[in-house]
Amino acid sequence: MEVKRRTLRSLVTKLGSVSEQTRAEALAELRLISKHDADSRPIIAEAGAIPYLAETLYTSSQAAQENAAATLLNLSITSRDSLMSTRGLLDAISHALRYHSSSTSPAAVQSAAATLHSLLVNESYRPIIGSKRDIIHSLIEIVKTRNSQPRSIKDALKALFGIALYPLNRQQIINLGGVQPLFSLIVNEGRIGIVEDATAVIAQIAGCEESSEEFKKCGGVDVLVDLLDMGTGSPARLKENAVAALLNLVSYGGEKVGKEVREAGLKVADGVADVAQNGSSKGKSKAVALLKVLLEGNVVRDSPFHSLLNESNLSF
């Protein structure tokens, strides 16, 4: 272990070399080591690598960007506190994301967004990262830019999802224009994984008072209802996200929004019931709650909905 420690410290020291080649070689080696050797990550962080890696995100060398961003991602798995306590780290990540369509390589963009997602696993970091408007704006821009690579979009969506898990961040995403690009992905994007990730973000954003007005501009309720139509053959996870979004809209949007959801959602009550019967445990409970809202006491006793709600111990 001591030999490993000395080797890693030597590599980190080389990150400060005046020789570009020496820095590049050290970066490439640290990336590989941090990827394959989990025990090395805390040692690399403790040796002072993070400030060098953050600074490298500003370089014009795309190879250096990629190695630095990938190493930061690897370190974020075990050394989140070290990353978040490094001054300027979030600014460096923001810089890499901001120039996603010009000077930052796609691989570095993906690693930078994935690093955010990794950091956001820690609940205490969500308000800190969510307060960085430039980060949220850049993630939204990646999602809405036509020529963004699919992997970049997915990593940006995962980061936005982590940010939206903190309730006070949801309004920030809405204010920065995040709703329309997310619904555009659902309507126009053919890749199921991306659509599922977009609906997961939407389900979270729906959980604030400001969401209903923005969803209305995009025809959001109708889009979500269509996902629950049994004829569309939507995957289970996508249906569960749609259920969660509609339920959040009702919970936060007031009576007017509740009426709109009921009127549109009644057409796909069988789709909601399908989630209530076949979804995950969390999906089932939300689907039953949404069914209760949609049916609002108008359940015929011999209907399948009656037995479903009865079994779930929910009155109607």
Side-chain angles (χ1 to χ4, degrees), residues 143 157 160-161 164 170 173-174 177-280 282-300 303-306 308-309 312 314 316:
V143 168
L157 288 171
L160 285 170
F161 176 80
R170 296 166 189 169
I173 296 174
I174 290 171
V179 173
Q180 192 277 331
L182 290 168
F183 275 108
S184 291
L185 280 182
I186 295 175
V187 174
N188 301 317
E189 176 61 59
R191 290 161 287 204
I192 293 298
I194 289 179
V195 175
E196 289 179 347
D197 288 340
T199 55
V201 181
I202 284 172
Q204 292 300 319
I205 294 175
C208 70
E209 294 179 2
E210 296 78 11
S211 64
S212 57
E213 192 61 37
E214 289 301 310
F215 278 43
K216 187 174 182 179
K217 294 176 185 177
C218 305
V221 170
D222 290 335
V223 172
L224 294 168
V225 165
D226 285 345
L227 296 176
L228 289 163
D229 190 320
M230 295 294 285
T232 63
S234 298
R237 182 181 165 223
L238 208 160
K239 288 181 179 179
E240 290 194 17
N241 290 340
V243 165
L246 290 170
L247 187 60
N248 271 341
L249 275 177
V250 171
S251 301
Y252 289 86
E255 180 54 35
K256 185 177 180 181
V257 175
K259 181 180 178 182
E260 181 186 358
V261 170
R262 281 192 295 274
E263 289 176 352
L266 270 175
K267 296 178 290 186
V268 292
D270 54 344
V272 180
D274 179 62
V275 176
Q277 292 172 315
N278 303 308
S280 65
K282 186 180 291 187
K284 286 179 179 179
S285 64
K286 290 185 177 183
V288 169
L290 182 59
L291 265 182
K292 186 182 178 184
V293 170
L294 297 180
L295 299 172
E296 243 196 356
N298 299 315
V299 186
V300 179
S303 77
F305 301 128
H306 178 278
L308 179 60
L309 293 178
S312 304
L314 284 175
F316 48 86

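Start at 1 with the first residue, then count along the sequence.
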Just wondering, more than 12 heavy atoms not from Lys284 lying within 6.0 Å of its NZ?
yes
Between [atom1] of [X] and [atom2] of [Y], what distance do you get to the nearest 0.5 Å?
| X | Y | atom1 | atom2 | result |
| --- | --- | --- | --- | --- |
| Asp197 | Leu160 | CG | CG | 10.5 Å |
| Glu213 | Glu210 | CD | CD | 11.0 Å |
| Ser285 | Leu290 | OG | CG | 11.5 Å |
| Leu185 | Gln180 | CG | CD | 9.5 Å |
| Leu157 | Ile202 | CG | CD1 | 9.5 Å |
| Leu246 | Leu224 | CG | CG | 5.0 Å |

Stepwise, does the side-chain contact (heavy atoms from CB on, under 4.5 Å) test hold for Cys218 with Val223?
CA-CA 9 Å; Cys218 305; Val223 172; over 6 Å; no
[X] versus [Y], closest heavy-atom pair with distance:
| X | Y | result |
| --- | --- | --- |
| Ala264 | Val225 | O-CG1, 3.6 Å |
| Pro181 | Gly178 | CD-O, 3.4 Å |
| Ala287 | Ala276 | CB-N, 3.5 Å |
| Leu294 | Val272 | CD1-CG2, 4.0 Å |
| Leu291 | Ala269 | CD2-O, 3.8 Å |

Mind running side-chain contact (heavy atoms from CB on, under 4.5 Å) on Ile205 and Leu182 for me, showing each step along the way?
CA-CA 10 Å; Ile205 294 175; Leu182 290 168; 3.5 Å; yes
Pairwise salt bridge (charged side-chain N to carboxylate O under 4.0 Å, His left out) hits with a residue in [range], at least two apart:
| range | value |
| --- | --- |
| residues 183-192 | Glu189-Arg191 |
| residues 177-188 | none |
| residues 248-259 | Glu255-Arg262 |
| residues 238-250 | Lys239-Asp274 |

Which residues share a side-chain contact (heavy atoms from CB on, under 4.5 Å) with [X], sequence neighbours left out:
| X | result |
| --- | --- |
| Asp229 | Thr232, Val268 |
| Lys282 | Ser280, Lys286 |
| Asn248 | Ala206, Tyr252 |

Could you tell me whether a side-chain N or O of [X] sits under 3.5 Å from a main-chain N or O of [Y], the two making a donor and an acceptor?
| X | Y | value |
| --- | --- | --- |
| Ser211 | Gly207 | no |
| Ser234 | Leu228 | no |
| Arg170 | Cys208 | no |

Go through the structure and list residues passing salt bridge (Lys or Arg N to Asp or Glu O under 4.0 Å) with Glu214, not counting sequence neighbours.
Lys217
Using the salt bridge (Lys or Arg N to Asp or Glu O under 4.0 Å) criterion, which residues pair with Glu196? Sequence neighbours excluded.
Arg237
Determine whether Leu227 and Ile186 make a side-chain contact, defined as any pair of heavy atoms from C-beta on separated by less than 4.5 Å.
yes
I'd like to check the side chain to side chain donor-acceptor pair (under 3.5 Å) partners of Asn241; sequence neighbours left out, ordered by chain and number.
Thr199
Name all pairs fulfilling the ring-ring contact (aromatic ring centres under 6.0 Å, His included) condition that reach into residues 225-244, sequence neighbours left out, sorted by first residue then second.
none
Pairs touching residues 194-219 that satisfy ring-ring contact (aromatic ring centres under 6.0 Å, His included), sequence neighbours left out:
Phe183-Phe215
